[in-house]
There are 2 protein chains.
Amino acid sequence: MKTESDAFREFLVKKGMRVTPEREEILAEVFAEHEHFDVEELILRLRQKGKRASRASVYRTLALLVESGLVQEVFYEDGHMHYEHIYGHEHHCHLRCLKCRKIVEFRNGAVEEAEKRIGGEHNFEVTGHRLEILGFCPDCREKKK
Amino acid sequence: MKTESDAFREFLVKKGMRVTPEREEILAEVFAEHEHFDVEELILRLRQKGKRASRASVYRTLALLVESGLVQEVFYEDGHMHYEHIYGHEHHCHLRCLKCRKIVEFRNGAVEEAEKRIGGEHNFEVTGHRLEILGFCPDCREKKK
DNA sequence: GTGTCTGCAAACAGTTTGCACTTCT
DNA sequence: AGAAGTGCAAACTGTTTGCAGACAC
């Protein structure tokens with residue numbers, strides 16, 4: 001079975017780029033936890049494990065991971081982008097509370113289907129999608145009254 | 001019939017805020033064209049019409065428009081946010097080409113339905129959603145070969 | 001060996017903010 | 001009159017970039 005590490009190596013080699021310890025460590029950390037993350041959190045986690053990858057390398061590597069399809073930009077909030085790894089994981093969408101910012105993940109077959117149909121209608125080659133449903137969570141709903 | 005201008009006034013009054021010429025001009029310009037826009041474009045359009053609203057006021061007013069639900073943040077790209085007005089318009093989603101960045105709008109009943117169902121399942125009060133389908137448009141698909 | 005990558009720090013761009021002045025109510 | 005809004009420019013923050021030294025191939 002092909003791991004994300006294999007997939008990334010393959011991607012790099014195909015582009016004539018090098019496999020470096022920094023790139024591998026960043027990749028490993030991105031896949032170490034199954035949560036949304038932002039650049040700051042990622043750097044913090046790397047530091048805590050004694051990895052020295054610089055901020056610049058993290059940004060540069062993240063761009064490669066997105067380009068390779070291993071990672072997706074999920075949403076932009078609080079002035080910066082949030083990411084999640086997607087390789088080897090079933091796709092899911094997000095339900096977001098506009099007040100407390102809680103995020104609930106959910107899966108939805110209807111969207112996958114719509115994705116294919118709509119792609120076909122416009123002759124697009126579809127690679128993925130991003131769906132967010134916005135509203136107020138049970139707690140915040142209650143508090144609004 | 002209630003116009004977006006009425007709706008915005010109502011929102012402002014309810015918050016104890018003032019109705020100013022700057023806010024009205026910015027609102028009018030936001031609804032003057034039915035296209036996605038970013039802050040720079042909006043300011044340019046205002047300038048071309050001789051309106052003097054400052055950059056700061058545009059940012060401040062845009063935040064109010066988003067809060068009031070008249071405008072939605074659509075996606076973050078090229079280092080800044082893109083918006084669209086939604087009041088009085090049927091909701092639509094976006095099909096985006098990852099290469100040439102072309103955007104096709106489409107409507108989709110299945111998503112509206114899923115939105116309600118999923119909101120219900122998690123006891124969320126749903127106010128809207130945002131769906132982007134990503135891929136390659138017919139032209140870019142061709143060129144990749 | 002050579003061309004790519006890294007880390008650093010400086011540069012950048014979009015956005016926010018403090019403040020003096022203006023304006024709405 | 002008094003509170004709220006505006007414009008300006010400076011500050012801020014996330015991200016990108018130029019460059020010299022390090023390193024994968």
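Just so it is clear: chains get the letters A, B, ... in the order the sequence lines come, proteins before strands, and each one is counted from 1. Bear in mind the structure is a predicted one, so any value in this text is a computation, not a measurement.
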> Look at the side chain of B:Ser54 and decide which nucleotide, out of D:dC25, D:dT15, D:dG7, has an atom nearest to it.
D:dG7
> Check the pair B:Glu121, B:Lys116 against salt bridge (charged side-chain N to carboxylate O under 4.0 Å, His left out), reporting the backbone distance first and the verdict last.
CA-CA 9 Å; B:Glu121 278 170 17; B:Lys116 288 203 190 71; over 6 Å; no
> Is the B:His92 ring parallel, tilted or perpendicular to the B:His36 ring (thresholds 30°, 60°)?
tilted
> Please state whether the phosphate of C:dT4, meaning OP1 or OP2, lies under 4.0 angstrom from any side-chain nitrogen or oxygen of A:Thr20.
no
> Distance check needed: D:dT17 P versus A:Arg55 CZ, whole Å only.
16 Å
> Mapping B:Tyr76 and B:Ala53 onto DNA chain D by nearest heavy atom, which one lands closer to the 5' end?
B:Ala53
> Can you work out whether B:Ala56 or B:Glu22 has the more 5'-proximal nearest nucleotide on DNA chain C?
B:Ala56
> Measure up the B:Phe124 and B:His122 rings against each other and bin them: parallel (under 30°), tilted (30 to 60°), perpendicular (over 60°).
perpendicular
> Nearest to the side chain of B:Met17, which nucleotide is it out of D:dG5, D:dT17, C:dT15?
D:dG5
> Donor-acceptor pair under 3.5 Å: do we get one between A:Arg60's side chain and the base of C:dG7?
yes
> Where the side chain of A:Arg18 is defined as all heavy atoms beyond and including C-beta, which of C:dG7, C:dT2, D:dT15 is the nearest nucleotide?
C:dT2
> Looking at D:dG5, D:dT15, C:dT25, which one has an atom nearest to any side-chain atom of B:Arg23?
D:dG5
> Tell me the interatomic distance from A:Lys15, atom NZ, to C:dC5, atom P, rounded to whole angstroms.
10 Å
> Rounded to the Å, how far apart are B:His80 NE2 and D:dT15 P?
15 Å
> Report the distance from atom CZ of B:Phe8 to atom P of D:dG5, rounded to the nearest whole Å.
10 Å
> Between atom CG in A:Asp78 and atom P in D:dT15, what is the gap in whole Å?
12 Å
> What is the minimum heavy-atom distance between B:Phe31 and B:Leu70, and which atoms define it?
CZ-O, 3.7 Å
> If I take atom CG in residue A:Leu46 and atom C1' in nucleotide C:dG7, what distance separates them, rounded to the nearest angstrom?
14 Å
> What integer distance in Å separates B:Glu25:CD from C:dC24:P?
11 Å
> Whole-Å distance between C:dT17 P and B:Tyr59 OH?
13 Å
> Which value, rounded to the nearest 0.5 Å, describes the distance between B:Leu134 atom CG and B:Leu95 atom CG?
8.5 Å
